[in-house]
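Small disclaimer: the values here were computed from a predicted structure and weren't measured. In what follows, chains are A, B, ... by sequence order, proteins preceding strands, each numbered from 1.
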Amino acid sequence: MNNKTNAPTGGRDYRETLVLPKTDFPMRAGLPKREPEWIARWQQLDIYVEIRKNSKGREKFSYHDGPPYANGHVHLGTALNKILKDFVVRSHQMMGYDASFVPGWDCHGLPIEWKVEEGYRKKGKAKDDVPINEFRAECRAYAAHWLDVQREEFKRLGVFADWDNPYTTMAYSSEARIASEFLKFAEAGKLYRGSKPVMWSPVEQTALAEAEVEYADHVSTTIWVRFAVQGGVHDGASVLIWTTTPWTIPANRAVSYSKKIPYGLYEVTAIDDSEFTPWSVVGEKLIVADSLWDDVAKTAKISDATRLGDVDPTGLICAHPFTGEGYDFDVPLLEGDHVTEEAGTGFVHTAPGHGAEDYDVWLANGYRDIPETVGPDGVYYDHVPLFAGLDIIRTTGKKTGQDGKANAAVLAKLTETGALLARGRITHSYPHSWRSKAPVIFRNTPQWFIPMEDDKGAEGLRGKALAALKETEFFPPRGANRIGAMVADRPDWLISRQRAWGVPLTLFVRQGTGEYLQNREVNARIIAAIEAEGADAWVAENAQERFLKGLVDDWETYEKITDILDVWFDSGCSHAFTLEDREDQQWPADVYLEGSDQHRGWFQSSLLESCGTRGRAPYNKVVTHGFIMAEDGRKMSKSLGNTMVPEDVARQYGIEILRLWTASSDYQEDLRIGDEILKTAADSYRKIRNTLRYLLGALAEYEPGEEMDVANLPSLERLILHRLVELDEQVKTGYRNFDYKGVFGAIFTFCNADLSQLFFDIRKDSLYCDPLNEPRRKAALYVMDKVFHSVVRWLAPTLPFTTEETWLNRFPSETDSVHLHDFSKVDASWSDPELAGHWAAIRKVRKVVLGALEVERREKRMGSSLQSAPIVSLAGADDLASIAKMAEGDTEQFFADVCITSGMVLQTGSGNSQGFLLEDVPGVSVEPVMAEGVKCARSWKMFDPTTADPAYPDITPRDARAVIEWDAANG
RNA sequence: AGGCCGGUAGCUCAGCUGGUUAGAGCGCGCCCCUGAUAAGGGCGAGGUCGGAAGUUCAAGUCUUCUUCGGCCUACCA
């Protein structure tokens with residue numbers, strides 16, 4: 001070891017004469033505690049409003065917030081969503097736009113109804129006993145409560161938005177606008193009434209959602225029924241179906257089959273008559289799936305049969321079992337994916353009014369009319385032949401929920417006509433109403449639809465929507481595919497719901513005809529009333545008289561529709577009542593950003609609504625993010641015990657870590673999160689924080705003066721400025737393309753590779769030891785100041801807390817904020833690719849030098865690199881030329897500084913056999929020679945003592961100048 | 001079950017239209033520094049690119065199959 005210095009024993013301690021980093025910016029952030037303080041400060045500054053004021057006159061960047069549902073706490077998924085939106089808005093704001101963020105909430109809908117109803121049930125009250133507008137008022141209060149909760153939780157995420165003036169779908173103005181958007185469809189005639197089977201409880205006479213039913217065992221009567229084939233080669237044979245709901249036979253209109261199932265034609269040759277007389281007869285021909293024949297035969301007591309051949313059911317036409325008695329229509333065979341070989345006969349009895357799949361198959365084959373057979377009370381309508389007035393399920397009395405008269409009557413009739421092959425009973429899981437516990441039925445109910453197509457083909461809504469998607473840019477691009485396929489395939493838009501909490505379909509229908517009133521004056525009245533009183537104005541008792549009387553002569557012949565709009569229609573109108581109706585907004589939006597599930601949701605409903613009313617999408621770009629999963633890559637769920645909530649993260653790590661994690665992850669895929677992952681993010685955070693801290697420490701007493709002539713700066717400083725230009729491009733492109741990990745990665749790499757490892761490390765000597773006004777030192781500080789402004793502001797959209805702390809640490813102020821500034825201007829003329837090329841060569845050679853020194857360390861021959869003065873042999877001329885070109889003054893001295901050694905010998909040639917080589921850096925050989933001379937007591941560099949200032953024999957002449965300067969200043 | 005998508009080192013990510021020994025940062029191990037110090041610098045160990053088959057002179061990159069996972073297919077939002 002060579003540690004002797006030139007200092008006499010007891011020599012001066014020069015430490016105080018150094019300019020060491022000076023900052024009170026703590027290394028540890030204490031985020032969980034500090035973050036709420038920053039939020040309080042921003043609130044006090046009213047910073048969102050302040051930013052808006054400062055942005056007057058700028059070009060608007062139109063971001064439109066997708067509304068979360070006002071129910072429950074914010075979870076990590078919602079947090080990710082809002083944080084990404086915050087990135088979008090903040091980055092565009094700082095790129096020079098006026099980027100507002102109007103947060104929204106979706107307030108209507110079933111889940112809120114449930115919760116309110118649940119409250120009733122706890123108090124022993126029934127929903128039906130409460131006047132509807134009273135019930136709606138409670139829903140409104142419930143939504144308002146959760147909106148407040150979520151608003152506070154969102155604020156805690158550091159999101160800047162107009163929290164005091166959000167949009168909500170339940171605001172009167174929104175409800176009025178939703179109704180008026182709906183009426184646009186009505187006025188244009190782009191609305192029709194159809195019907196669709198839904199789960200229906202005859203006891204409560206109401207539609208039920210999946211979540212409102214509970215499954216319980218139920219004993220059903222099962223029947224095997226023959227459908228006689230009409231004409232063709234199989235005339236006289238029967239297609240056999242099986243069903244657990246005999247009462248749906250009167251509604252039968254088709255039989256479904258599958259192309260994947262092999263069917264056979266069987267002739268019964270013997271029957272088993274041991275117990276009672278079966279309904280099967282010898283000689284009859286049955287068409288059944290081959291795989292199920294044995295089961296069928298057993299059930300029907302068929303002891304022997306002959307398979308006559310294959311059957312392709314395509315195109316077969318059957319007769320209804322009750323043909324000749326009011327059921328005189330063809331029953332076609334239809335192909336359907338839902339048909340399986342799991343149970344039954346391989347054929348599915350299809351009643352389009354009583355099953356979702358039945359309905360789909362029926363429509364898919366071009367049929368439009370859905371027979372209506374059962375009324376709201378679960379009783380056959382009067383027009384149903386043979387069975388009018390019979391009930392499916394008993395709705396009153398002790399036997400409520402048990403079979404009514406329908407099943408038995410149908411069974412009897414099937415027996416009478418000879419269509420019944422067999423019957424049985426089955427216990428299976430069946431949906432029941434969670435209120436009455438009675439079984440529910442599928443029943444088609446009148447519904448309102450917006451058609452996807454009209455007579456004019458491409459002019460239809462589907463055509464417009466598909467065309468609009470072509471004009472939309474998707475991030476990631478695959479989103480276009482996904483929503484495109486959905487729009488291309490989707491059925492007509494069903495917009496009516498038999499619910500209470502929502503915006504009503506403000507439609508009057510002429511009794512008995514289904515024809516709806518199209519009257520602009522009436523509509524204007526309705527909209528004005530909702531604007532003033534909310535949608536309750538429609539729901540109230542007197543609506544019909546109030547809106548029609550005086551404008552429509554025969555107003556009493558119209559009835560009010562009591563359905564509400566699908567909540568997707570509500571949020572699909574948000575562009576109208578937010579982007580169009582608010583002063584601070586602009587239609588269309590530049591960006592919509594939501595989870596990928598919204599391809600079917602908000603992206604689509606907004607698209608359809610806007611295309612239907614305005615002919616184009618309400619957005620130019622659509623950004624989607626994936627879903628949050630637990631660390632093991634599985635969905636978070638309470639049952640798996642792998643959940644994590646934003647509050648946990650805020651308390652343990654700080655929201656800033658969650659934001660950094662968001663910025664460094666590929667949010668377009670599904671994201672994993674957990675403690676290990678957040679720890680990684682926390683490590684990255686520390687690295688960034690220390691870089692900022694070092695800048696603050698170095699710049700503590702730096703007063704930005706006049707601009708320097710960049711051409712005269714040392715090449716290292718010019719390299720860093722060049723990198724700033726590169727970064728500027730990367731960062732802005734990244735922010736424009738919503739590529740946050742690209743932005744963060746670039747900045748992070750810059751902090752590590754360019755600043756910490758190179759710039760700061762090399763310039764430490766100059767910053768600490770040079771006389772204050774040494775040009776080299778001033779140049780370094782000048783560039784560090786530029787770096788500070790660039791990096792801090794580039795990071796501001798992602799790390800708003802830490803950048804604010806950094807900013808105010810350097811520029812203390814009661815009113816300023818980094819978030820009131822734009823990205824720092826980077827001078828494009830700093831770009832110097834040629835210089836960067838030379839520096840790439842220098843760094844390559846440097847790497848070999850560092851490698852050589854490492855060997856010495858390992859051998860304990862050396863500690864600090866300043867103890868060495870290596871001999872570097874360069875085989876090629878290019879590397880040496882690069883070093884010489886980048887050097888200011890002495891080339892060897894320059895390269896010694898770069899390698900942080902006390903001396904350096906540069907020579908051409910391949911060096912001697914002792915030289916250290918790196919495989920991937922050919923032509924560079926390094927001899928790690930120890931430096932001569934003595935160790936400077938101040939800068940710790942080895943130097944030739946004969947060159948020392950006699951007054952300061954123990955330090956280098958440069959250090960002597962600095963000490964003289966310091967002594968003069970500090971007496 | 002169908003539609004769409006994904007699986008590259010312990011972690012987060014690069015790897016463009018197929019082309020030299022698959023990269024970076026963090027973490028980990030070791031070393032140095034002790035004037036960024038619960039910091040800074042350096043070196044190093046980690047990957048059969050989910051698995052299988054195929055196309056090709058050549059595949060992480062193309063095709064097929066398979067496995068695991070996610071979203072969607074609700075009068076849920």
Side-chain angles (χ1 to χ4, degrees), chain A residues 14-15 18-21 23 27-28 67-72 106 109-114 196 198-199 206-212 337-338 340 356 445 447 476 478-479 481-483 485-486 489 494 496-499 502 563-564 566-568 571 595-602 624 626-627 629 631-635 661 664-666 668-672 674 676-684 686-687 690-691 693-694 697-698 741-742 744-745 748-749 751-753 756-757 760-761 764 768-769 847 850-851 853-858 860 862-866 900 919-920 938-940:
Chain A
Y14 290 103
R15 201 172 198 279
L18 296 169
V19 186
L20 297 176
T23 178
M27 195 133 53
R28 290 173 67 85
Y69 195 61
N71 179 23
D106 200 357
L110 184 65
I112 289 174
E113 276 195 61
W114 292 342
K196 183 180 177 162
V198 299
M199 276 209 270
T206 180
L208 292 176
E210 179 72 33
E212 289 176 303
D337 291 339
H338 64 293
T340 68
T445 53
Q447 301 290 354
R478 70 177 101 101
N481 242 354
R482 185 160 173 186
I483 191 171
M486 287 181 184
D489 290 346
L494 168 60
S496 52
R497 297 288 124 99
Q498 286 69 53
R499 288 280 147 195
D563 293 352
I564 62 160
D566 173 17
V567 289
W568 286 115
S571 59
S596 57
D597 58 334
Q598 297 302 329
H599 286 113
R600 110 159 220 287
W602 192 53
T624 55
F627 278 68
M629 295 179 295
E631 201 141 30
D632 56 3
R634 318 199 51 178
K635 197 203 301 224
W661 166 80
S664 59
S665 304
D666 185 1
Q668 299 184 337
E669 301 292 339
D670 289 338
L671 295 167
R672 285 190 282 183
E676 190 186 347
I677 291 165
L678 283 170
K679 272 178 194 149
T680 306
D683 284 328
S684 305
R686 248 177 262 126
K687 181 70 205 180
N690 273 304
T691 302
R693 183 170 181 268
Y694 192 71
K741 77 177 154 61
F744 182 77
F748 190 67
T749 303
C751 287
N752 279 311
S756 253
Q757 294 168 18
F760 294 170
D761 217 25
K764 260 190 224 181
Y768 300 172
C769 304
K847 192 174 158 69
L850 298 182
L853 301 186
E854 196 56 35
V855 174
E856 297 307 293
R857 276 199 193 101
R858 199 165 304 130
K860 304 288 179 200
M862 196 192 83
S864 164
S865 59
L866 284 174
I900 318 180
E919 211 179 323
D920 44 347
R938 185 166 180 270
S939 67
W940 299 343

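Counting any heavy atom pair closer than 4.0 Å across all strands shown, A/S684 reaches no nucleic acid atom. Using a 4.0 Å heavy-atom cutoff across all strands shown, A/G109 reaches sugar-phosphate atoms only and no base atom. If you check every strand for non-hydrogen atoms under 4.0 Å, A/Y694 touches a base. Backbone-only contact: A/S864 has heavy atoms under 4.0 Å from sugar-phosphate atoms and none from a base. Counting any heavy atom pair closer than 4.0 Å across all strands shown, A/R478 reaches sugar-phosphate atoms only and no base atom. Note on A/D683: only backbone sugar-phosphate atoms sit closer than 4.0 angstrom, heavy atoms only; bases stay farther off. Among the protein residues, A/W661 comes within range of no part of the nucleic acid, since none of its heavy atoms lies under 4.0 Å from any strand. Residue contacts shown for A/V855 are absent, as no nucleic acid heavy atom lies under 4.0 Å away. Contacts of A/K687 with the nucleic acid, taken as non-hydrogen atoms under 4.0 Å apart, involve only primed sugar atoms and P, OP1 or OP2. At a threshold of 4.0 angstrom between heavy atoms, the contacts of A/N690 include nucleobase atoms, whether or not backbone atoms are also involved. Within the nucleic acid shown, A/W568 comes within 4.0 Å of at least one base atom, counting heavy atoms only.
The pair A/E676-A/K679 does not meet the salt-bridge criterion, since no charged nitrogen lies less than 4.0 angstrom from a carboxylate oxygen.
For A/Y14, the ring-ring contact (aromatic ring centres under 6.0 Å, His included) criterion is met by no residue, not counting sequence neighbours. Applying the ring-ring contact (aromatic ring centres under 6.0 Å, His included) test to A/F748 and every residue at least two apart in sequence or in another chain returns A/F744. By the ring-ring contact (aromatic ring centres under 6.0 Å, His included) test, A/W940 is found to be paired with no residue, residues two or more places apart in sequence or in another chain being considered. A/R482 is linked by a side chain to side chain contact (heavy atoms under 4.5 Å, CB included) to A/M486, A/S596, A/H599, counting only residues two or more places apart in sequence or in another chain.
OP1 and OP2 of B/G40 both lie 4.0 Å or more from every side-chain N or O belonging to A/R686.
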What does the list of N/O pairs under 3.5 Å between the protein and nucleotides 42-47 of chain B look like, with a distance for each?
residue, atom, partner, partner atom, Å
B/G42, O2', A/E854, OE1, 2.6
B/C43, O2', A/R858, NH2, 3.1

Filtered N/O pairs between nucleotides 66-69 of chain B and protein, under 3.5 Å:
residue, atom, partner, partner atom, Å
B/G69, O2', A/G633, O, 2.9

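Nucleotides B/G60 and B/G50 have their P atoms positioned 10 Å apart, rounded to a whole Å. Rounded to whole Å, the separation between the P atoms of B/C49 and B/U8 comes to 11 Å.
Its glycosidic angle being more than 90° from 0, B/G44 falls on the anti side.
No donor-acceptor pair under 3.5 Å is formed between the side chain of A/R499 and the backbone N or O of A/S496.
Comparing A/D666 and A/E669 against RNA chain B, the residue whose closest nucleotide sits nearer the 5' end is A/E669. Positionally, the nearest nucleotide of RNA chain B for A/E676 lies more toward the 5' end than for the other of A/S596 and A/E676.
Stacking between A/F748 and the base of B/A24 is absent under the criterion of ring centres within 5.5 Å and planes under 30 degrees.
Among B/A39, B/A36, B/C32, the nucleotide with an atom closest to any side-chain atom of A/S756 is B/A36.
Under the Watson-Crick or G-U wobble criterion, with both distances below 3.5 Å, B/G29 is paired with B/C43.
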